[in-house]
Asks: 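Okay, here's the structure, questions in a sec.
Keep in mind that what you see is a predicted model, and the values were worked out from it rather than measured. All chains are named by letter (A, B, ...) in the order of the sequence lines, taking the proteins before the strands, and each is independently numbered beginning at 1.
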There are 2 protein chains.
Amino acid sequence: MEKNNIQIRQSDEHCPVRKSLAILGGKWTLLILFQINKRIIRYGDLKRSIPGISEKMLIQELNHLVEAGFVAKKAYPEIPPRVEYSLTEKGMNALPIVDSLAAFGLENLS
Amino acid sequence: MEKNNIQIRQSDEHCPVRKSLAILGGKWTLLILFQINKRIIRYGDLKRSIPGISEKMLIQELNHLVEAGFVAKKAYPEIPPRVEYSLTEKGMNALPIVDSLAAFGLENLS
DNA sequence: CGGCATCCTACAAGATACTG
DNA sequence: CAGTATCTTGTAGGATGCCG
């Protein structure tokens, strides 16, 4: 309640919002997390669920997210290959963000 | 609970997440909303509260947000000039987004 | 099927200087 | 103080083609 009075000043890199945006701020990042959601989904299905994304961006972001520990990747040594993606615990923690984005879009944008 | 089964497929422009990202997806946009927050803040103070932003980007995003109806701008015809920015109702609705971003950053990033 | 390697460009973003 | 006006640049992102 006295939150209005505190100085909200985060010097550069210590701001949690900035740190989050640094990882999740890509054009497609949050959309990908949103589509994976609680599912275990194959690469091809994921790609189809995000119309307009290029293979490069999808793979790039997925690798990025796997490295960062937000997405788990499981590859089956079959032919033809099958690769499944899902959110880790850490990745699930980002779902409130996309939920609030979705809610905002529904209520405030045409 | 059967949410896992439904096809989460938004064809392009109807996806609320995409619509939100289209407006709020800029590098500085959410950070600006976060800093204004519930305050009525002058341009100079706002700029100082976001280290690293250029005047151009700040003004550009502010104008953008004013046009979109998320930010209110009040200019006083004084010398030297004074301009105050604050969030509109609509802009307040975006605060849950930055809150979840902040929470995510605090809990999941170093 | 699920990638990776290139090449390329448009636009977001930065730097700088000036003004009411 | 609060902007505007240019000019320049970096890089996110797109297009295309090949590979295990």
Asks: Heavy atoms only: give me the nearest B:L33-B:L95 pair and the separation to one decimal.
Replies: O-CD2, 4.0 Å
Asks: Which pairs, protein N/O on one side and nucleotides 18-20 of chain D N/O on the other, fall under 3.5 Å?
Replies:
none

Asks: Determine: side-chain N/O of A:Y43 to OP1/OP2 of C:dC4, distance under 4.0 Å, yes or no.
Replies: no
Asks: How long is the line joining CD1 of A:I53 and P of D:dG13, in whole Å?
Replies: 9 Å
Asks: Could you tell me if the side chain of B:I59 sits less than 4.5 Å from the side chain of B:Y43, heavy atoms only?
Replies: yes
Asks: Out of C:dG14, C:dG2, D:dG13, which has the shortest distance to the side chain of A:M57?
Replies: D:dG13
Asks: About how many Å separate CG of A:N108 and OG of B:S20, when rounded to the nearest 0.5 Å?
Replies: 8.0 Å
Asks: Rounded to whole angstrom units, what separation is found between the CD1 atom of B:I79 and the P atom of D:dG3?
Replies: 14 Å
Asks: Tell me the interatomic distance from A:N63, atom CG, to D:dA12, atom P, rounded to whole angstroms.
Replies: 15 Å
Asks: Rounding to an integer number of Å, can you tell me how far B:L62 CG sits from D:dT4 P?
Replies: 10 Å
Asks: Roughly, in whole Å, what's the span from CD in B:Q60 to C1' in C:dC11?
Replies: 11 Å
Asks: Quick one: does any side-chain atom of B:T88 pair with a main-chain N or O of B:A72 as donor and acceptor, under 3.5 Å?
Replies: no
Asks: Return no unless some side-chain N or O of B:R82 is found under 4.0 Å from OP1 or OP2 of D:dA2.
Replies: no
Asks: Tell me the closest heavy-atom pair linking B:I53 and B:K47, and the distance in Å.
Replies: O-NZ, 3.1 Å
Asks: Considering only D:dG14, C:dG3, C:dC1, which nucleotide approaches the side chain of A:W28 most closely?
Replies: D:dG14
Asks: Can you tabulate the close N/O pairs, meaning under 3.5 Å, that link protein atoms to atoms of nucleotides 15-17 of chain C?
Replies:
none

Asks: If I take atom CD in residue B:E61 and atom P in nucleotide D:dG3, what distance separates them, rounded to the nearest angstrom?
Replies: 15 Å
Asks: Quick check on contacts: within residues 66-75 of chain B, what sits under 4.0 Å from DNA chain D by heavy-atom distance?
Replies: B:K73
Asks: Answer yes or no: is there a side-chain heavy-atom contact under 4.5 Å between B:V83 and B:L46?
Replies: no
Asks: Within the distance-only criterion (no hydrogens, no angle test), does the side chain of A:T29 pair as donor or acceptor with the backbone N or O of A:G25 below 3.5 angstrom?
Replies: no
Asks: Looking at A:C15 and B:F34, what are the two nearest heavy atoms and their distance?
Replies: SG-CE2, 4.3 Å
Asks: Please give, in whole Å, the distance from D:dA12 C1' to A:H64 NE2?
Replies: 12 Å
Asks: Pick base, sugar-phosphate or nothing for B:Y76, based on heavy-atom distances below 4.0 Å to the nucleic acid.
Replies: nothing
Asks: Do A:Y85 and A:I32 have side chains that get closer than 4.5 Å, going by heavy atoms?
Replies: no
Asks: Taking atom P of D:dA12 as reference, at what distance in whole Å does atom CG of B:L21 sit?
Replies: 17 Å
Asks: With B:E84 as reference, evaluate B:K73, B:R39, B:R42 under the side-chain contact (heavy atoms from CB on, under 4.5 Å) test and give the passing residue.
Replies: B:R42
Asks: Quick one: does B:L24's side chain get under 4.5 Å of A:F104's, heavy atoms only?
Replies: yes
Asks: What is the minimum heavy-atom distance between A:L31 and B:R18, and which atoms define it?
Replies: CD2-NE, 3.1 Å
